[in-house]
Amino acid sequence: MLQLQRKNSCNSSCKINIIGITMSRNVLNVPEVYLVPYRTNMEKEFHHHPSRMPDNSAMKQQKLPAHQLHFSARVVLTIFFATGVFCFCMGVILILSAQSIQEIEINYTYICENCAKLRENAFNFDQKCTCSVPFYLQENMEGDVYMYYKLYGFYQNHYRYVLSRSNNQLVGKDIMDVEDCAPFKVSQNKTPIAPCGAIANSMFNDTIILSYTLKSSVHIQVPMLKTELTWWTDKYVKFQNPSLINLSDRFVGTEKPPYWQAPIYELDTSDPGNNGFLNDDFIVWMRTAAFPTFKKLYRRLYRVQYFMDGLPAGNYSFNISYNFPVTRIKGEKSVVLSTLTWSGGSSLFLGLAYTVTGAFLWLASFALMAIHMTMKKKKLSYRR
Amino acid sequence: MGANDVSMIKAAHIGVGISGQEGMQAMLNSDFAFSQFCYLQRLLLVHGRWSYNRMCKFLSYFFYKNFVFTLVHFWYAFFNGFSAQAVYDTWFITCYNLIYTSLPVLGLSLFEQDVNETWSLHFPELYIPGQHNLYFNKKEFVKCLIHGIYSSFVLFFVPMGTIYNSERSDGKDISDIQTFCLIVQTSLIWMVTVQIALKTTYWTMISHFFIWGSLGFYFCILFFLYSDGLCLMFPSIFQFLGVARNTMNQSQIWLSLILSVILCVIPAFGYQFLQPLVWPVNVDKVFDRINHCKTRPPQVRVRTKLKHPSLRRSAYAFSHKQGFGALITSGKTTKTKPNKKNSFPVKK
């Protein structure tokens, strides 16, 4: 048992007498030493400080009970092999699930040429422009169908854009709090904007209506739901109206954002649960996207009448009220109709990544096994 | 040692003072002081070696985890218009080095032992890497950097690919920036936890507590910071209301997390296995022998009792006072015989 004493600050009158060093027959050639501190009675009176030897506890002697981890070749190869098999199987499952989704995307930025040209000039903002985009659905879309609008080249993840919002205002606590909303804090008359900020100001305002051609000249509007498009926590906790009734009175003293046509309390006058800050389209827009290409949920299919099992195959058309000026920012916009599965959308990325990783790990495990065998043979041949 | 040795002690990398008859000068100026020359063996071969090992592991891990943490922003810059939008929640950035990853690395640098003290003393060749600066030099730093760059690449692009064109299973939004932040944060914490778990070879209960406890603590703080109560009290400071609850129940998030951890850790793991096989250093051969000895416990050599009537146990006594010689030679101060199990066969 050997102990180190760091910086023995005993002064010279503290005597540690070395009683004995025994050279025992220890093959490690480490002598066993005993330090028996001994003080005379006189010294004991003057020096009452305790011994500075460290405790003989497991912690201080670094002898805590422990498991020494060492990966033998067998363990490593098993891990590689098992992980490879898991990844490969997972990848195949994900690819199959993504393939089962039906999706159709119609890019209408330049199809509606007149509207695109009209919107290039901001002074035409009060001129309405509608456009009809026909398309043909080859197969039935079975199950729940969701309609999204997809934007390309719109950087909702820009640093200053993401900051430009006021959560205090949106939660209904204080409508006049526009502190973080630069540069859309106050209007030209210095009245606070509600809802303030660049995110709210740039809200997507195209109206898209899907209609189905039942017979040669009979067009019916596909019933769509405009509620339950957002997270539950967003609709019921994060965004709250300042009052439930007389919404327009509560917003007195504020102004609508400069790019909006109507104020916030007129977004959906038919449904008070979808008006004001609680408007689903507004909340969906306020959840800023992570990448410049994104799609946001616009409507859900209402499965009644002809659409009980989804969207039947046939001729459809989108009637779009073209308001959002993407061509000015060199972006594009499209509508997406899609079914869903447990693994989310139709993106093949995760499935492919898992499959490739699984295959690679499997091959790597064989390669490692080969290397290990070769090295082992070499070692044995050296030892002979 | 005497006062004239003080300059020698001060000039050395590590100054060791032997306390004895020549006064306290040398001891007070030294880094380590003890009373016997023979303690030097333990100081160097056991504690010095462990200290070097721990320092190198600590440094390479610390640099790695901070490279991964920071370089993700480099990849994101291409997708956010170079506007320096962070990939993490601001509270995560605050707590990352302070709370989430501090205890595991502390545990690593306090308790880590690659071989225990007995083996360290038995194989002095294990001391050579310290002398030749093998475990942390420019080459190791570059390896650390490359591993960090690769890990940050995986850490960014796997979550990005997962949510890029995707939605939740009920059609609602999953490709928003807050969900992306959450996925990248959680993948990062898992990744560095698994990395330190692989680096730790000496698992005490405290190591388990620090490592798994930090991971669990991360999830606790996550749910606390994203809870309704806190976010409604300070809406402009805590903005991530409900993100954890709405995201963690989606299977694609967990699958993306598992994939990023696998992709980051497996190359390092494979390299750790391959390097002693294909590019062995001298010290790897010693580790090999140690593992060989451990798996095959040495046979206990039965020693016949040799009678040496003339040989007495030698005893040396240094004392300042008279009369202790009798105490020493009486045998009261000697230890009982060592257990035969602990003795190792002499093997050169």
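Heavy-atom basis, side chains included; hydrogens, waters and symmetry copies ignored. Letters A, B, ... mirror the listed sequences (proteins, then strands); counts begin at 1.
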Roughly how far apart are [X] [atom1] and [Y] [atom2], rounded to 0.5 Å?
X: A:Ile371; Y: B:Leu274; atom1: CD1; atom2: CG; result: 4.5 Å
X: A:Gln62; Y: B:His47; atom1: CD; atom2: NE2; result: 6.0 Å
X: A:Phe291; Y: B:Ser175; atom1: CZ; atom2: OG; result: 8.5 Å
X: A:Asn167; Y: B:Gln239; atom1: CG; atom2: CD; result: 4.5 Å
X: A:Leu340; Y: B:Asp170; atom1: CG; atom2: CG; result: 8.5 Å
X: B:Leu259; Y: A:Thr357; atom1: CG; atom2: OG1; result: 5.0 Å

Identify which of [options] forms the greatest number of heavy-atom pairs closer than 4.5 Å to chain A.
options: B:Glu117, B:His208, B:Gln250, B:Met205; result: B:Glu117
options: B:Gly242, B:Ser166, B:Gly171; result: B:Gly171
options: B:Val243, B:Ile163, B:Val278; result: B:Val243
options: B:Val115, B:Ile262, B:Thr200, B:Leu110; result: B:Ile262
options: B:Asn116, B:Val87, B:Leu263; result: B:Leu263

State, with a plain yes or no, whether a side-chain heavy atom of [X] is found less than 4.5 Å away from one of [Y].
X: B:Ser256; Y: A:Leu350; result: yes
X: A:Asn157; Y: B:Phe180; result: no
X: B:Asn246; Y: A:Asp234; result: no
X: A:Ser347; Y: B:Tyr164; result: no

What closest approach, in Å, do [X] and [Y] show between heavy atoms, and which atom pair accounts for it?
X: A:Phe349; Y: B:Phe157; value: CZ-O, 3.8 Å
X: B:Ser251; Y: A:Ser343; value: OG-CA, 4.5 Å
X: B:Pro235; Y: A:Val171; value: CG-CG1, 4.3 Å
X: B:Leu241; Y: A:Lys238; value: CB-CD, 4.1 Å
X: A:Ala66; Y: B:Thr204; value: CB-CG2, 3.7 Å

Region of [X] in contact with chain B, defined by heavy-atom distances below 4.5 Å:
X: A:Thr83; answer: side chain
X: A:Leu163; answer: neither
X: A:Glu103; answer: side chain
X: A:Pro65; answer: backbone
X: A:Ser166; answer: neither
X: A:Lys173; answer: side chain
X: A:Leu348; answer: neither
X: A:His67; answer: both
X: A:Ile79; answer: side chain
X: A:Tyr148; answer: side chain
X: A:Val237; answer: both
X: A:Phe360; answer: neither
X: A:Ala364; answer: neither

Would you indicate whether [X], at its atom [atom1], is surrounded by more than 12 heavy atoms from other residues, nucleotides or ligands within a distance under 6.0 Å?
X: A:Lys60; atom1: NZ; result: no
X: A:Phe88; atom1: CZ; result: no
X: A:Trp285; atom1: CH2; result: yes
X: B:Phe82; atom1: CZ; result: yes

Requested in this report: Count the heavy-atom pairs under 4.5 Å between each of A:His158, A:Met59, A:Gln156, A:Met375 and chain B, then report the option with the highest count.
Outcome: A:His158
**Report entry** Which residues share a side chain to side chain donor-acceptor pair (under 3.5 Å) with B:Tyr202, sequence neighbours left out
**Finding:** none
Query - All side chain to side chain donor-acceptor pair (under 3.5 Å) counterparts of A:Lys295, not counting sequence neighbours - result: B:Asn165, B:Glu167
Requested in this report: Verify whether one side chain among B:Ser236 and A:Asp180 offers a donor that lies under 3.5 Å from an acceptor in the other.
Outcome: no
Query raised in the report: How about A:Phe71 and B:Phe269: are their ring centres within less than 6.0 Å of each other?
Result: yes
Check whether [X] reaches the backbone of [Y] with its side chain - one donor and one acceptor, N or O, closer than 3.5 Å.
X: A:Trp231; Y: B:Asp173; value: yes
X: B:Ser83; Y: A:Tyr159; value: yes
X: A:Gln68; Y: B:Asp114; value: yes
X: B:Lys172; Y: A:Leu297; value: no

Query raised in the report: Of the backbone (N, CA, C, O) and the side chain (C-beta and beyond), which part of B:Ala197 lies under 4.5 Å from a heavy atom of chain A, both, or neither?
Result: backbone
Query raised in the report: So, are B:Asp176 and A:Arg287 salt-bridged, with charged N and O less than 4.0 Å apart?
Result: yes
Report task. Output, in order, the C-alpha distance, side-chain angles, deciding distance and verdict of side-chain contact (heavy atoms from CB on, under 4.5 Å) for B:Phe273 and A:His372. Result -> CA-CA 10 Å; B:Phe273 171 70; A:His372 174 68; 4.2 Å; yes
